Amino acid sequence: MKNNNRAAIRRLSARSLKNNKIRNLFAVCAIILTSMLFTAVFSLFSGIIQAGQESTMHEVGTRFHAGLKDADYKQYEKTASDPSVKKSCYNILLGFAENIQKRQAEIRYMPFEEALPDLFITLLEGRLPEAEDEIVVDTIVMDELNVPYALGEKIPIQFQFMGETYEKEFTVSGYYKGDPISHASELFISEPFWLGIKGSLTEEDFRAWNKEHPNDDGKGLLSVQFYFDRPSHLEEKVRTVIENAGYVPETELDYGVNWAYMENRLESTDPFTYCMIAGVLAVILVTGYLIIYNIFQISIMSDIRFYGLLKTIGTTKRQLRRLITRQVLILSACGIPIGLLCGYAAGMIGVPLMTRITHSNEDLEISLQFHPSIFLFGAAFSMLTVFFSCRKPGKIAGSVSPIEAVKYTQTKVKSAKNRRKRRHFSPFSMAMANLGRNKKKTGIVIAAISLSIILLTLVMTGVGSFQIDQYLEARISGDFMIGGSSVFNRTPNVYNYELDKKFADYARSQPGIEQAEELWLATGKFIKLDEIAKAGLLKLDQEGKLDHSFGREPLKQGAIYGGVFGYTDGLFKNISVLEGSLDVEKFQNGDYILLKCFFGNDTLERV
């Protein structure tokens, strides 16, 4: 027989809460801390992703999702009109400023002023050039040329285009703050200047010239940038756009994707990384679960006689669970919003702090960007944790009989023999005896404390692992490097790799120098192949496994484009062998070489 007693359950629940203010305070505090924990973790995780993406995007030089290489205007129009492309732009490379030695300075024509923020360019003063002699430069170039930060200043530029050398004095129409993370400075010229040097040349003329002169690859053609709806499956999306336009990807129209986006990079993440992430989330969840579980278990056990009395007047298990659930909802409604706000505030403070610790560039300012998912995940995980935590204490309250509730003391009766053994009492023995009253509860409390320490250790280890010194140690074999300007600024047509021997000897003789090693290199060379090597590479070419950044003709002629390096003995200890083995003595007889391959940002050596 059913009866409508929901109103009575509501009154009992409200009065129980009213009579247990101290208990409610501890419960709300536990919920706030748990909610704050989840929200802070999600905020910091989101902030780490944002900081990593932003830093990498500065290196790449763009926020755009993907782009096309060496395209013509017809190809741009057809691909940019695809429904999946939300925003697009292009710029044209004219050349590299040869009189800028400390930094690669790329001279480009950019007709899209609204796209500048997506290239991390914000004009401090001025506008994009309009007159033929106007130019936009960055402060790094102005510093090298000793030009004041002011509009109307004169900038001398020398560059090569289609085999001709151009020397011109430009007038600064705008300037922006140079980004030291970016690989190059962008110098923007006007449309009249571009049309003037282009003359009657066509895009086919540019393709033919670039094919014969690999160092001029890309000059005169469009570098296209795309935004899609989301930064996921970027390679698949850009290939689809190219195919929808009627072209063959890589063969007729090459492309690139912005590998800075974490959402796109996670698609190729190995299972071990996913297991690590899942393990960290499990520790966080269990920590929050145990915090709230302990509070609710203590609360239920302290009110066990009250629940037993309710059972004597006919209250069912379901009604008791409903009573406890209602109390949990009220406490959660008070605690979770406060925890979400506190956790988000902790994230806003923690993200810039972590950015300053983990990134050496002081100009990189990262703040936590608001995203609804932070609050949604924080609230969802908090609610799940609260309900799972109170589920078992609720079962205990619903299953206890009135007689058991009256007799309940949370301890077992000891035999007379065991009682006689405890004659001498001390604070330590009393504490141990209290812990032994309920070993299960004691174990849960210890587990909660241990997991909290583990979680703190994981966070501190994670933050501490982002060290710029370790990042640099994996990429340079020493404390610092010296070399010709072209070693660090690889401007085409400018070859200054040689280091003055007197300067090298002077640097080596300075106090504090414990060891100095040397690296010799010859880059930008076409290396001749024998018939065996040529046949092997042609086979790989037929299988579509070769990159044709410098065209197919050199390979057909029995050559590949690359660089030759020489090492002193001390540098061999830094080589990571991926395949084969490295025998230094055998290598030095001159019959062996080491092949180097690139994986993302990591340069590794292959025997």
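Every heavy atom of this structure was used, including side-chain atoms; hydrogens, water molecules and symmetry mates were not. Everything quoted here is computed from the prediction, not taken from an experiment.
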Considering all heavy atoms, the nearest P249-Y255 contact: CB-CE2, 4.1 Å
If you measure from the Lys or Arg side-chain nitrogens to the Asp or Glu carboxylate oxygens, is any gap between K74 and E203 under 4.0 Å? no
Note: L94 and F161 closest approach over all heavy atoms is O-CD1, 3.1 Å
For the student: nearest non-hydrogen atoms of I242 and V248, plus distance: CG2-C, 4.2 Å
Is the closest side-chain heavy-atom distance between Y344 and L341 below 4.5 Å? no
For the residue pair E144 / Q101, report whether a side-chain donor-acceptor contact shorter than 3.5 Å exists. no
Would you name the heavy atoms of T171 and G152 that are closest together and state the gap between them? CG2-CA, 3.6 Å
More than 12 non-hydrogen atoms from neighbouring residues, nucleotides or ligands closer than 6.0 Å to OH on Y166, yes or no? yes
If you look only at pairs with a residue in residues 187-201, which of them pass as a salt bridge (charged side-chain N to carboxylate O under 4.0 Å, His left out), with sequence neighbours excluded? none
Between CZ of F188 and CD of E113, what distance do you get to the nearest 0.5 Å? 10.5 Å
Do the two ring centres, one from F170 and one from F193, sit under 6.0 Å apart? yes
Shortest non-hydrogen pair, A245 vs T79, comes out as CB-CG2, 3.8 Å
Minimum heavy-atom separation for S84 and V241, please, with both atom names. OG-CG2, 3.3 Å
Calculate, to the nearest 0.5 Å, the distance between atoms CD and CD belonging to E77 and Q75 respectively. 11.0 Å
In Å, rounded to the nearest 0.5 Å, how long is the span from CG of L123 to CG of L128? 6.0 Å
Do the side chain of E134 and the main chain of A131 share a donor and acceptor less than 3.5 angstrom apart? yes
Output field: ring centroids H65/F226 closer than 6.0 Å: no
Quick one: pull up SG in C89 and CG in L119 and give me the separation to the nearest 0.5 Å. 6.0 Å
Enter the distance from Y90:OH to M110:CE here, rounded to the nearest 0.5 Å. 9.5 Å
Under a 4.5 Å cut-off applied to non-hydrogen side-chain atoms, are I92 and K219 in contact? no
Of D179, T139, D138, which meets side chain to side chain donor-acceptor pair (under 3.5 Å) against S185? D138
Aromatic ring centroids of F375 and F42 under 6.0 Å? no
Identify whether the distance between the nearest side-chain nitrogen and carboxylate oxygen of R108 and E186 falls below 4.0 Å. yes
By side-chain hydrogen bond (donor to acceptor under 3.5 Å, both in side chains), T39 pairs with (sequence neighbours left out) none
How many angstroms lie between atom CD1 of I107 and atom CZ of F96, to the nearest 0.5 angstrom? 9.0 Å
